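Take a look at the structure below.
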Amino acid sequence: MLQDISDLIVDCDDFATVANRAQQFCPFEAIGMVRQEIRHSSFLCYLMDPSRPHGLGEIGLRALLMALAKDQPAEKLDFHFRELAQARVWRERFHIDILIEIPPSGGGGKGLVVAVELKVDAAERQDQLSDYTTRLARHYSDRSWKRVHCFLTPDGRAGGTHGEIEWINISMGDLLARIDAGIERAGETGEASQLFKSYLNMMKRHNIVKEDSDPELTRAVQEVWRKHKETLDFLMEHRPDPLAEVWSELGARQEMVAEALRKCADIAVVPDDAGHRIYRFSFEGLREDCPDLFRGSSRWLSSRAQCVFEVTLQQEAVVASLVVGPAGEQPAFREALMAVLDEGQAATGRTYAHYWTKTIAPWDEMLFVEDKLEALISALSNYAGERAKEAVAAIRSAQEQMVNAD
């Protein structure tokens with residue numbers, strides 16, 4: 001088999017053709033961005049903000065509006081004549097990936113607010129889009145604002161949690177093609193346009209954005225598979241899985257993780273019920289001061305904790321989040337806690353609510369790490385350092401509301 005691998009990698013011209021197309025330097029790949037939704041959202045948010053010094057002006061935002069207009073003439077004209085220079089663009093405002101405010105043109109009429117929810121691999125949580133719709137309506141009245149909701153995915157699929165209000169589904173390929181065309185029309189050739197080209201090419205290489213068929217590349221791929229199928233099957237069968245390796249180790253060291261979380265939260269944190277791909281940690285040190293925290297559903301957790309830190313093994317990464325679970329005997333505390341975490345705008349109807357979701361260990365970054373367990377625990381500690389005290393403060397605030405209500 002070693003000879004077969006050598007023949008494929010060293011002596012196969014068709015393999016070299018495929019490799020040369022795939023092995024291009026890309027700064028976005030260098031920072032592990034390929035399938036990380038947070039980084040995609042941050043880049044697109046930056047690109048769509050006309051006030052940012054990227055040199056592309058309104059091209060990104062204009063492309064998004066035209067993609068949302070679809071083939072509706074009235075929408076196209078409305079969006080075309082919008083003045084975008086004063087647009088304000090946020091990341092994670094009201095927990096929405098990208099939120100855009102465009103003031104009324106010429107000081108009259110309604111402003112335009114656009115909510116963009118981006119999904120690369122992750123699924124929607126229960127009622128996610130309908131929750132965002134409700135949240136947006138509370139902050140932007142029908143009298144003053146026109147609200148547009150966008151669900152952005154690689155394949156342009158429709159969202160499944162939007163409820164009665166439509167979320168316009170567009171593909172990343174459509175959006176990026178429109179930005180690319182806008183750059184071409186404007187004759188932009190500077191650093192920003194080249195950076196965007198690198199981003200677009202990365203998306204195509206990883207099949208997040210579909211590209212037109214390249215006959216030469218298609219022929220080379222077919223020849224590689226025809227001549228070296230057994231070798232390729234062998235390599236795929238033995239594909240390394242650094243996350244699976246470290247995941248079982250993490251399970252055996254949950255007490256160590258809990259201790260790292262305790263240091264960040266400054267209270268006792270203990271391992272809670274776990275699943276095949278989930279580890280949970282509850283705030284045991286709050287049991288006396290915040291008794292309602294432990295009056296949740298026993299069907300979810302035997303500790304009956306209503307809020308835990310959760311670490312999950314997903315397809316290409318380890319992800320951490322704060323999770324509020326299903327209601328138990330004290331639903332009022334749960335609602336109060338969600339209201340604090342949702343900045344006063346809690347939406348009802350969610351069985352599980354995830355907050356501060358973050359990829360802490362991508363597959364490609366863990367592949368060449370020597371001490372994977374230490375790296376993973378360090379990443380968890382960094383995450384806890386960012387969020388643990390904030391979570392404790394939210395729980396204490398919810399408990400205080402319960403005491404005051406009595």
Side-chain angles (χ1 to χ4, degrees), residues 32 35-38 120-123 125-126 236-287 293-294 296-326 328 351-392 395:
R35 309 203 77 86
Q36 292 196 37
E37 290 170 7
I38 292 175
V120 176
D121 292 318
R125 62 164 171 76
Q126 184 175 0
M236 292 173 67
E237 183 180 347
H238 292 82
R239 180 180 187 261
D241 191 348
L243 296 179
E245 295 171 13
V246 74
W247 190 249
S248 58
E249 293 183 50
L250 185 66
R253 304 289 183 89
Q254 290 182 67
E255 293 291 347
M256 182 186 297
V257 176
E259 175 62 18
L261 297 175
R262 183 200 64 76
K263 290 179 179 178
C264 297
D266 205 24
I267 59 162
V269 177
V270 298
D272 211 312
D273 294 350
H276 176 58
R277 301 172 73 87
I278 301 175
Y279 298 125
R280 300 185 181 96
F281 302 88
S282 55
F283 301 93
E284 180 65 26
L286 292 176
R287 185 177 288 274
L293 173 63
F294 293 92
S297 172
S298 60
R299 293 184 179 182
W300 183 44
L301 298 174
S302 57
S303 69
R304 299 175 64 194
Q306 300 204 59
C307 179
V308 295
F309 271 129
E310 191 171 274
V311 186
T312 61
L313 175 62
Q314 299 187 5
Q315 184 177 2
E316 294 286 338
V318 174
V319 175
S321 62
L322 183 76
V323 183
V324 177
T351 304
Y352 300 93
H354 290 75
Y355 298 91
W356 312 326
T357 301
K358 183 177 183 179
T359 297
I360 59 170
W363 182 93
D364 51 354
E365 291 184 10
M366 292 293 287
L367 184 58
F368 299 108
V369 174
E370 184 172 348
D371 191 334
K372 294 177 175 58
L373 181 62
E374 180 182 352
L376 183 53
I377 292 177
S378 175
L380 277 167
S381 297
N382 291 338
Y383 175 82
E386 297 170 4
R387 295 300 189 180
K389 289 186 177 179
E390 190 175 353
V392 170
I395 293 168

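Bear in mind that the values here come from a model prediction, so they are computed numbers and not experimental data.
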Under a 3.5 Å distance rule, please check whether Trp300 uses its side chain to pair with a backbone N or O of Ala305 as donor and acceptor. no
Can you find a pair of side-chain heavy atoms, one from Tyr355 and one from Ser321, that are under 4.5 Å apart? no
Could you check whether the rings of Phe309 and Phe283 sit parallel, tilted or perpendicular, using 30° and 60° as the cut-offs? tilted
Contact summary for Arg277 and Gln314, nearest pair of heavy atoms: NH2-O, 3.5 Å
Measuring from Ile278:CD1 to Glu310:CD, what's the distance to the nearest 0.5 Å? 4.5 Å
Strictly distance-based, threshold 3.5 Å: is any side-chain N or O of Ser297 a donor or acceptor partner for the main-chain N or O of Arg299? yes
4.5 Å side-chain heavy-atom contact, Ile377 and Leu250: yes
Shortest non-hydrogen contact between Val120 and Glu37, atoms and distance: N-OE2, 2.8 Å
Lys358 versus Glu386: any side-chain heavy-atom pair under 4.5 Å? yes
Intermediate values then yes/no, side-chain contact (heavy atoms from CB on, under 4.5 Å), Glu284 and Arg287: CA-CA 5 Å; Glu284 180 65 26; Arg287 185 177 288 274; 2.8 Å; yes
Distance, nearest 0.5 Å, that separates NE2 of His354 from OG1 of Thr312: 7.0 Å
Can you confirm whether Phe281 sits close enough to Leu380 that some side-chain heavy atom of one is under 4.5 Å from a side-chain heavy atom of the other? no
Residue pair Leu301 / Phe294, side-chain heavy-atom distance below 4.5 Å: no
Considering all heavy atoms of both residues, which atom of Ala258 and which atom of Val270 are nearest to each other, and what is their separation? CB-CA, 4.1 Å
Within the side chain of Tyr383, is there an N or O that forms a donor-acceptor pair under 3.5 Å with the backbone of Trp356? yes
Atom CZ of Arg387 and atom SG of Cys264: how far apart are they, to the nearest 0.5 Å? 13.5 Å
Under a 3.5 Å distance rule, please check whether Asp272 uses its side chain to pair with a backbone N or O of Arg280 as donor and acceptor. no
Let me confirm one number: the CD-CZ distance from Glu255 to Arg262, rounded to the nearest 0.5 Å. 12.0 Å
Look up atom CH2 in Trp247 and atom NE2 in His276, then write down how far apart they are to the nearest 0.5 Å. 10.0 Å
Of all the heavy-atom pairs spanning Ala274 and Tyr279, show the shortest one and how long it is. CB-CD2, 3.8 Å
Closest approach of Ile360 and Ala379, non-hydrogen atoms and distance? O-CB, 3.4 Å
Taking atom SG of Cys307 and atom CD1 of Ile395, what is their separation to the nearest 0.5 Å? 4.5 Å
